[in-house]
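The structure under discussion appears below in the form of structure tokens.
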Amino acid sequence: MNISENSKVLVQGITGNQGAFHTKLMLDYGTNIVAGVVPKKGGQKIHGVPVFNSVKDAVDETGCDISIMFVPARFAFEATKESLYAGIKLVCIITENVPVLDMIKLLEIAHEGKLDIVGPNCPGMMIPDKIKLGIMPSDMCHYGNVAVISKSGTLSYEITKAIGNAGIGVSAYIGIGGDSVRGKTMVEAVEYYSNDSNTKKIVLIGEIGSNEEEKTAEYIKDHVSKPVIAYIAGKSAPEGKRMGHAGAIISSGSFGTAQGKIKALKDAGALIADLPWDVPKLL
Amino acid sequence: MFRKFGIPLANSILINKNDNISEKVNQFSFPAIVKSQIAIGSRKKAGLIKIVRTKEEAIFLCKEYFKRVVAGFNVEAILIEELADIEQEYYCSIALDASERKFYLIASKEGGIDIEDVAKNNPEAIIKSNFSYKEGLTNEIAKEVGEKIGFSGDLLESAIKIFQKLWDITVKIEAHLVEINPLVLTPKGLIAVDGKMILDDNAAFRQPIIQNYLDKKLSDFEKIAVEAGFSFVELDGDIGILANGAGLTMALLDVLSQLDLKPANFLDVGGGASKERVYKALDLIFKLKPRCVLINIFGGITRCDIVAEAIIQALKDFTEAPPIVIRLIGTNEAEGIELLKNEGINVFKDVMDAVNKVKEVLA
């Protein structure tokens with residue numbers, strides 16, 4: 001999860017609508033985008049960024065080490081695999097609806113090579129004022145010492161903007177995504193930022209489904225001394241109905257409910273925000 | 001699916017709606033189990049699976065089943081199965097643990113009932129062993145689990161074969177769960193009597209079985225949503241909701257219910273929505289006849305100007321649309337607000353201001 005203003009960024013799927021549009025926004029932010037890759041479309045330039053046919057060519061020519069992915073779901077597996085084998089250290093998959101089995105295979109490859117995957121179906125990462133590796137709004141906040149970790153995209157924009165509006169700075173923002181099988185987990189992100197010397201406080205944005213917040217609560221109880229502030233969405237969600245994200249479903253019984261997560265996090269010492277915009281008050 | 005992969009089943013016949021029922025039933029021996037084929041869970045609870053003693057009973061029940069409509073679905077076919085001489089009922093499945101990214105082979109001597117109850121009341125009776133996708137289900141794991149639930153000799157061999165076939169199915173159709181419950185021991189050996197699968201919607205583009213299932217399972221409104229590419233759940237309130245992002249939409253519903261306001265639906269229009277998608281979402285919300293519609297967009301990959309264009313188009317086309325309250329912020333926000341202002345439509349920047357406006361409209 002180590003990104004900085006010195007990271008050399010590759011955009012996979014740079015010629016598509018979303019790829020080209022967000023490449024422009026990331027460049028405007030100051031992100032050091034050095035290459036794009038689209039098979040059979042190499043040789044052109046998008047917003048001044050050279051496009052290559054393969055990740056290997058891009059790595060050889062530019063030394064890029066981090067990738068952000070906009071390719072369609074059915075091609076995401078091949079594109080990510082190509083990156084992992086070509087020496088990219090972290091792939092941030094923005095694409096949604098990537099098949100679960102593809103993610104499982106990719107995570108096995110990443111694990112063997114000690115490489116990182118963030119996402120899929122996520123807004124990406126950002127070190128405010130330094131690097132934006134994602135699709136989040138550029139003007140949410142400035143640099144500071146609060147790390148924001150979120151399963152949700154737009155809800156995290158709302159909360160991060162409220163943090164920024166309150167004059168509080170952010171050391172890192174990471175949207176891990178809401179799919180059931182994905183790269184960085186909430187526990188891994190909390191572990192990373194609890195050991196990050198630039199981070200003094202951690203904001204967690206969770207939602208119904210899975211047992212990830214509960215596992216994170218256990219981790220916090222045993223390992224994290226920095227203050228943790230959490231907001232959990234889905235308190236009013238009906239049982240058995242899937243609320244958008246693949247993971248956002250309350251199974252029969254009490255598994256994965258907002259109330260269960262809130263209790264677990266409270267017991268671990270976290271402060272719980274009742275409303276999204278209460279988060280800055282608790283910071 | 002079980003038949004296709006060679007998992008042993010009881011003798012059976014399939015009766016379709018237009019078949020001559022008595023002609024088909026005449027070829028079968030009774031008693032037997034009559035099972036309605038319908039895309040809903042808990043068929044037993046809904047009375048859609050019954051044991052019959054005679055041919056006459058079977059014919060009567062088939063006719064009755066074909067008239068039934070359950071949760072909007074018709075019974076499309078009926079399976080009549082030989083009643084197995086049950087010596088013991090087992091449970092077995094392959095399940096994905098998403099958080100560990102591993103698969104589990106799960107088996108129990110206490111099959112036939114809800115496995116979650118067994119897990120709660122008698123956890124020792126459930127034998128589990130996990131493995132990665134790459135390793136696959138090895139013979140060693142299958143054998144170990146089979147032995148632990150008490151199989152030996154020929155039965156152990158056939159149990160191992162069944163476990164392996166469950167894994168083949170899991171891989172082939174990209175399932176998150178493939179379950180046999182109960183797996184029944186009869187004098188003739190092990191047979192699968194009932195089963196369940198959970199599939200991956202994201203793989204529908206390369207798994208026709210998932211596409212077929214989605215077509216059957218969804219309500220008309222949900223079908224419109226799937227085809228247009230957004231997520232939709234109908235609720236029972238009177239405020240139509242259009243938002244982007246699952247988390248933001250859920251948080252908005254939470255805020256409304258904390259204020260005793262009742263949403264008519266959950267609708268996450270998804271990332272990077274096109275004008276057409278937003279328009280279709282509004283069209284669907286209008287069909288619910290809400291008293292008011294609240295739009296909450298925080299654009300990241302979604303562009304506010306595109307959302308604004310869709311709203312303007314929809315308001316032109318639907319002259320009897322209910323009052324709409326709009327909150328629009330994020331990527332291309334200035335362009336979006338400008339477009340709406342030119343049409344005389346007011347836009348809020350703060351969610352709570354928009355929510356208070358909804359309150360005012362409904363008062």
Side-chain angles (χ1 to χ4, degrees), chain A residues 17-18 21-22 25 73-74 94 96-105 107-108 121 123 134-137 150-158 161 178-181 185 205 207-208 210-212 215 231 233-238 241-248 252-253 258 274-277, chain B residues 96 98-99 101-103 116 120 132-134 170-171 174-176 200-207 229-235 243-258 263 266-268 270-272 274 296-303 329-331 333 350-352:
Chain A
N17 251 336
Q18 299 293 0
F21 180 75
H22 285 282
L25 296 184
R74 60 181 70 195
I94 305 298
E96 53 185 344
N97 299 324
V98 179
V100 171
L101 196 57
D102 288 354
M103 283 313 301
I104 290 173
K105 291 185 205 167
L107 288 164
E108 288 183 353
N121 191 15
I135 56 170
M136 65 295 278
S150 174
K151 259 172 153 179
S152 146
T154 50
L155 176 59
S156 69
Y157 308 162
E158 188 87 54
K161 195 171 174 71
D179 280 10
S180 55
V181 175
T185 64
I205 304 166
E207 64 188 25
I208 54 165
S210 86
N211 59 352
E212 198 161 4
K215 277 188 174 172
Y231 175 80
K235 288 184 280 241
S236 63
K241 288 281 183 188
R242 186 169 116 181
M243 291 301 200
H245 284 158
S252 55
D274 238 6
L275 297 168
W277 33 94
Chain B
L96 168 68
S99 66
R101 302 145 187 174
K102 287 199 166 183
F103 289 89
E116 273 139 30
K120 216 183 283 168
S132 70
Y133 176 78
K134 206 174 177 182
T170 306
V171 172
E174 303 187 46
H176 297 181
D200 177 13
D201 295 358
N202 287 353
F205 70 87
R206 60 186 178 204
Q207 294 289 354
F230 51 81
S231 319
F232 173 85
V233 178
E234 194 173 347
L235 303 169
N244 69 324
L248 184 64
T249 314
M250 275 190 273
L252 182 65
L253 299 187
D254 292 349
V255 170
L256 291 173
S257 55
Q258 271 166 281
F266 166 99
L267 193 157
D268 163 16
S274 64
N296 184 26
I297 300 291
F298 201 137
I301 199 159
T302 302
R303 298 182 214 174
I329 185 171
T331 306
E333 162 187 331
D350 185 275
V351 200
M352 277 323 279

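Bear in mind that the values here come from a model prediction, so they are computed numbers and not experimental data. Labels below follow one simple rule: chain letters A, B, ... track the order of the sequence lines, proteins then strands, and each chain is numbered from 1.
- Between B:G247 and A:E207, the shortest heavy-atom distance links the atoms CA-OE1, 3.7 Å.
- Counting heavy atoms from C-beta on, the side chains of A:L275 and B:M352 never come closer than 4.5 Å.
- Of all heavy-atom pairs spanning A:A233 and B:M250, the tightest one is CB-CB, 4.0 Å.
- Between chain A and the options B:G270, B:G245, B:G330, the largest number of non-hydrogen pairs under 4.5 Å is found for B:G245.
- When heavy atoms are compared at a cutoff of 4.5 Å, B:F266 approaches chain A solely by way of its side chain, counted from C-beta outward.
- Contact tally against chain B (heavy-atom pairs below 4.5 Å) for A:E158, A:M103, A:K215, A:M136: the top residue is A:E158.
- Ranked by non-hydrogen atom pairs under 4.5 Å with chain A, the options B:V351, B:T249, B:L248, B:T302 are led by B:L248.
- Taking chain A as the reference chain and counting heavy-atom pairs below 4.5 Å, the highest number among B:Q207, B:H176, B:R303, B:K102 is found for B:R303.
- B:L96 touches chain A through its side chain: at least one heavy atom from C-beta onward sits under 4.5 Å away, while N, CA, C and O do not.
- Only the side chain of A:E108 comes within less than 4.5 Å of a heavy atom of chain B; its backbone N, CA, C and O stay farther away.
- Proximity of A:I104 to B:F103: side-chain heavy atoms (C-beta onward) are separated by under 4.5 Å at one or more points.
- Of all non-hydrogen atoms in B:L235 and A:P238, the two that sit nearest each other are CD2-CG, 3.9 Å.
- Taking the side chain as every heavy atom from C-beta outward, B:D200 and A:L101 never approach each other to under 4.5 Å.
- Using a 4.5 Å cut-off between heavy atoms, A:P123 makes no contact with chain B at all.
- Ranked by heavy-atom pairs under 4.5 Å with chain B, the first of A:D274, A:N17, A:V181, A:N97 is A:N97.
- Highest contact tally toward chain B, considering only A:L107, A:L155, A:I94, is held by A:L155 [criterion: heavy-atom pairs under 4.5 Å].
- For a residue to count as touching a neighbouring chain, one of its non-hydrogen atoms must lie under 4.5 Å from one of that chain's; by this rule B:L256 does not touch chain A.
- Residues B:V255 and A:P276 have side chains in contact (heavy-atom distance under 4.5 Å, counting atoms from C-beta outward).
- Only the side chain of B:T331 has a heavy atom closer than 4.5 Å to any heavy atom of chain A.
- For B:R206, the salt bridge (charged side-chain N to carboxylate O under 4.0 Å, His left out) test picks out A:D102, B:E174, with sequence neighbours left out.
- Residue A:P137 comes nearest to B:G299 through the heavy atom pair CG-O, 3.5 Å, listed as atom of the first residue, atom of the second, then distance.
- For A:I205, no part lies under 4.5 angstrom from a heavy atom of chain B.
- Note that the CD1 atom of B:I329 and the OG1 atom of A:T154 stand 12.0 Å from one another [nearest 0.5 Å].
- The shortest distance between side-chain heavy atoms of B:N244 and A:Y157 does not fall below 4.5 Å.
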